[in-house]
Number of protein chains: 2
Amino acid sequence: MIRRTAPAGTPTLEESRTVAETTRSAPRYGNRPTMKDVAARAGVGLKTVSRVVNGEPGVTPETERRVREAVDALGFRRNDGARVLRKGRTATVGLVLEDLADPFYGQLGRAVEEVARAHGTLLINGSSAEDPEREQELALALCARRVDGLIVIPAGDDHRYLEPEIRAGVATVFADRPAGLLDADAVLSDGFGGAREGVAHLIAHGHRRIGFVGDRPRIHTAAERLRGYRAAMEDAGLPVDERWVAPGPTDPRRVTEAVEGMLAGPEPVTALFAGNNRVTVTAVRLLAARTARGDGAPVALVGFDDVELGDVLGVTVIAQDPAALGRTAAEQLFRRLDGAAEAPRRVVIGTRLLARGSGEIPPGPSA
Amino acid sequence: MIRRTAPAGTPTLEESRTVAETTRSAPRYGNRPTMKDVAARAGVGLKTVSRVVNGEPGVTPETERRVREAVDALGFRRNDGARVLRKGRTATVGLVLEDLADPFYGQLGRAVEEVARAHGTLLINGSSAEDPEREQELALALCARRVDGLIVIPAGDDHRYLEPEIRAGVATVFADRPAGLLDADAVLSDGFGGAREGVAHLIAHGHRRIGFVGDRPRIHTAAERLRGYRAAMEDAGLPVDERWVAPGPTDPRRVTEAVEGMLAGPEPVTALFAGNNRVTVTAVRLLAARTARGDGAPVALVGFDDVELGDVLGVTVIAQDPAALGRTAAEQLFRRLDGAAEAPRRVVIGTRLLARGSGEIPPGPSA
DNA sequence: CCCCGGCCTGACAACGTTTTCCAGGCTCTA
DNA sequence: TAGAGCCTGGAAAACGTTGTCAGGCCGGGG
């Protein structure tokens, strides 16, 4: 169930449905057999069934056989909810993604899952669709489910809402972006260094007018990459015309407008730095169409974050390692769950420049 | 927690850890306040707290204020596990994916999530990494968590293990591939029709020797697509040389070998049909390299399932609609959860041929 | 003035599991 | 043969929540 924001509970969809349909007071989940039923059928005590089901010692082989037989006949399956209530640990961790459909997060999520699995833990994940409010709903719903730990890829920039949860013992690690207004573990890519290297690469190939199209600057990663861009320009003693800098939403329309703006006019940019994979994809499309039209000199492009088939297309990128990001975050989480009490750590994972052609195009004659 | 296969319970990783570390008997989750604590602090009864937290009517504004104050002061959050135990419904559905990192499943998962969210339901998903045993572990672990329903993208081909669960009331819908040895709802893409159309498209452009590279035939979708290929060839009265047909794992090495085999020899194929997106990607790479080397006549290509940037690269594909697949499966699931008792349904979603260039290349002179 | 009906409120028993604790019956040893 | 253990099984109490139900209080009508 998804819970609304701040107060610990207000009626929800689910509420209204269940209230309506509840007539009898005993739920019984369709018609699930319980340990008691199994015990009755096998002619043994309740605890004996528990022992068998959990593989505890101290049960005669013959008794065990009878119990297993009853389990199979009835189709019994232990209710982990009840179990958790008694034991206190859920052996479950939650992952709040930003967008399930983005391959970058898919790889990250998969790495987290592998680590969780190696620790005998179930992973629950959901995505915030880049909406801060949904991020909060989701994270708190997971806390209400009493996950042992949480990995969050922030959509919002204020995570104080997690303070009570963390104080109550929910281990929490942030990935890809740091927490907002909260001191917590974080595992990040080196956005600043990567962008700086990418832009420096363009400069090294002779470019002086370089455009930057990235995400909204309230997103930490976007801000870092922009900072890297400015640093590289400054390193080279190049001025930055603010018309070359276009932070904002990364939907195709906005990106298209931004890029076309930079390529128009008397002094167009000769190279582009794309702030994330969505921008890169749109830019590739745009530049390909432009070349097909034979419209102006070729424009160089370096993108932050790899894109599928980027090698075939010859797109030069700053590649992140989403799997390493996920793996590292998960490992840190389990370190916390195993009791590590060190101060919050921030781990930064390096990036790699992959030169494939688009970043090595020299400036056109108009430069 | 991940449970081992058939018997209802054997010791696991988690077991051995918790047994070892349990000394005190009361769990208390770190140090979570309960409704009882809130009640004590607010000077009211337990049930009153429950009423406030759940937004039930019949509480004085003044009392409500006191309760909310205590909730905030203590950082209380309702324990949904206990709630579920009492109420019987978890308002949670499970999704067993085949591979989180595959964009196709990412989009499918996202669509499922949107529908679940619209129904006020939490989605738990995990991936089987294409391993039938992991699929089973995961699905059963979700059942032990008492999800209300399950959407499964099969990795294995025997799903009888779900019979007791379904009988016990877990609504179950299969997506992308049908269940094995089980009569259940399924939502599928039209692999047969799509492949037939794609191959017919190649034939219409003059090809007579067409290669098929797809996944292992025990995977239902792969078998269907192969069937579509054969049907199209037969429709046109063309013979199929078995050396042109290469089902098997879709890792780059195997695909590379298969394709190179078909392109060698005195009578090479002049066109390729790629059975899924991974094959397509590898084939695109291969053919691009071949063209760059100026090695032989260009080879036509149609792929099943779209790939990112396929438009820019000019790859002709049979596009599926993963979002529609996910949405439809989820809607069917909720129909079941709302009590629909109709016989198991099989829904087939159509595909679309996107002609972008690679599928319209005519056969070379050697043909 | 009393009684009734309506509101709030809280005590108590579930839900299905694990844990603790104890009681038998057995075997083994002195 | 008796006593001391051990093995096996069962009863009862938790875990944190919600459903039921009864009691207390108030105001209004008879």
Side-chain angles (χ1 to χ4, degrees), chain A residues 1 8-9 11 14-15 18-19 21-29 31-40 42-64 66-67 76-90 144-146 168, chain B residues 1 8-9 14-15 18-19 22-29 31-40 42-64 66-67 76-90 144-146 168:
Chain A
M1 179 201 107
E14 186 249 343
E15 227 80 49
T18 23
V19 166
E21 79 195 15
T22 296
T23 52
R24 59 178 197 284
S25 86
R28 309 270 348 229
Y29 306 95
N31 223 339
R32 283 257 178 210
T34 73
M35 281 194 177
K36 200 160 111 186
D37 302 325
V38 174
V44 301
L46 181 57
K47 177 57 191 174
T48 302
V49 176
S50 173
R51 276 198 262 260
V52 171
V53 166
N54 292 302
E56 289 169 25
V59 179
T60 307
E62 162 58 15
T63 308
E64 171 166 353
R66 284 222 313 281
V67 171
F76 168 80
R77 181 159 305 280
R78 185 178 63 189
N79 183 331
D80 274 355
R83 169 169 221 250
V84 155
L85 182 58
R86 190 60 241 255
K87 299 197 73 149
R89 279 271 159 143
T90 55
R145 289 294 204 295
R146 294 294 187 269
Chain B
M1 177 203 112
E14 185 249 346
E15 225 79 51
T18 24
V19 166
T22 296
T23 52
R24 60 177 198 284
S25 86
R28 310 269 349 227
Y29 306 96
N31 222 341
R32 282 261 179 206
T34 73
M35 282 193 176
K36 200 159 111 186
D37 301 325
V38 174
V44 300
L46 179 55
K47 179 61 192 180
T48 301
V49 176
S50 172
R51 277 197 265 260
V52 171
V53 166
N54 292 302
E56 288 169 27
V59 179
T60 308
E62 162 59 14
T63 309
E64 170 166 353
R66 284 222 313 280
V67 171
F76 168 79
R77 181 160 304 281
R78 185 179 62 190
N79 183 331
D80 275 355
R83 170 169 222 249
V84 155
L85 181 58
R86 189 62 239 258
K87 300 199 72 148
R89 279 271 158 143
T90 55
R145 290 294 205 294
R146 293 294 186 270

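Protein chains get the first letters and strands the later ones, always in sequence-line order, with residue 1 at the start of each. Owing to the predicted nature of the structure, the values given are computational and were not obtained by experimental measurement.
- Side-chain nitrogen and oxygen atoms of Arg83(A) include at least one within less than 4.0 Å of the OP1 or OP2 phosphate oxygen of dT18(C).
- At a cut-off of 3.5 angstrom, the base of dG16(D) holds no donor-acceptor pair with the side chain of Lys36(B).
- Closest contact between the side chain of Lys87(B) and the listed nucleotides dT20(C), dG19(D), dG16(C) involves dG19(D).
- Taking the side chain as every heavy atom from C-beta outward, Val49(B) and Lys36(B) never approach each other to under 4.5 Å.
- Side-chain contact between Val53(A) and Met35(A) is present, with heavy atoms from C-beta onward closer than 4.5 Å.
- Across the protein-nucleic acid pair, Arg89(A) atom CZ and dT17(C) atom C1' stand 19 Å apart, rounded to whole Å.
- Taking atom CG on Leu85(B) and atom C1' on dC15(D), their separation rounds to 9 Å, with Å as the unit.
- dC7(D) atom C1' lies 15 Å from atom CD of Glu56(A), rounded to whole Å.
- Taking atom CG of Asp80(B) as the reference point, atom P of dG16(C) lies 18 Å away to the nearest angstrom.
- For Arg86(B) and dT18(D), a side-chain-to-base donor-acceptor distance below 3.5 Å is present, hydrogens and geometry of angles not being considered.
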Please table the atom pairs, donor to acceptor, closer than 3.5 Å between any side-chain atom in residues 55-63 of chain B and protein atoms at least two apart or in another chain.
unit_1, atom_1, unit_2, atom_2, d
Glu62(B), OE1, Arg65(B), NE, 3.4
Glu62(B), OE2, Arg65(B), NH2, 3.3

Full working for side-chain contact (heavy atoms from CB on, under 4.5 Å) between Val44(A) and Arg66(A) | CA-CA 9 Å; Val44(A) 301; Arg66(A) 284 222 313 281; 3.5 Å; yes
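- For Asn54(B) and dT18(D), the shortest distance from a side-chain N or O to OP1 or OP2 is below 4.0 Å.
- The closest side-chain heavy-atom distance from Arg51(A) to Glu64(A) is not below 4.5 Å.
- Between Asp80(B) and Arg146(A) there is no side-chain heavy-atom pair separated by less than 4.5 Å.
- A pairwise comparison of heavy atoms in Thr34(B) and Phe76(B) identifies C-CE1, 3.7 Å as the closest pair.
- Regarding Arg77(A), its CZ atom lies at a distance of 12 Å from the P atom of dT17(C), rounded to whole Å.
- A donor atom on one side chain and an acceptor atom on the other are not found under 3.5 Å apart for Asn79(B) and Arg145(A).
- An end-to-end axis angle of 60° holds for the helix from dC1(C)-dG30(D) to dA30(C)-dT1(D), taken from five base pairs per end and rounded to 10°.
- A donor-acceptor contact under 3.5 Å is formed by the side chain of Arg51(B) with the base of dG10(C).
- One interatomic measurement links the two molecules: CE of Met35(A) to P of dA12(D), which rounds to 19 Å at whole-angstrom precision.
- The shortest distance between the side-chain N/O atoms of Thr48(A) and the OP1/OP2 oxygens of dT8(D) is not below 4.0 Å.
- For dT18(D), the OP1/OP2 oxygens have a side-chain nitrogen or oxygen of Ser50(B) closer than 4.0 Å.
- Dashed line: the shortest gap from a side-chain N or O of Thr34(B) to OP1 or OP2 of dC15(D) is not under 4.0 Å.
- What separates CG of Asp37(B) from C1' of dC15(D) is a distance of 13 Å, to the nearest Å.
- One atom, CG of Leu46(B), and another, P of dA13(C), lie 14 Å apart when rounded to the nearest Å.
- Mapping Thr63(B) and Ala82(B) onto DNA chain C via the closest heavy atom, the residue that lands nearer the 5' end is Thr63(B).
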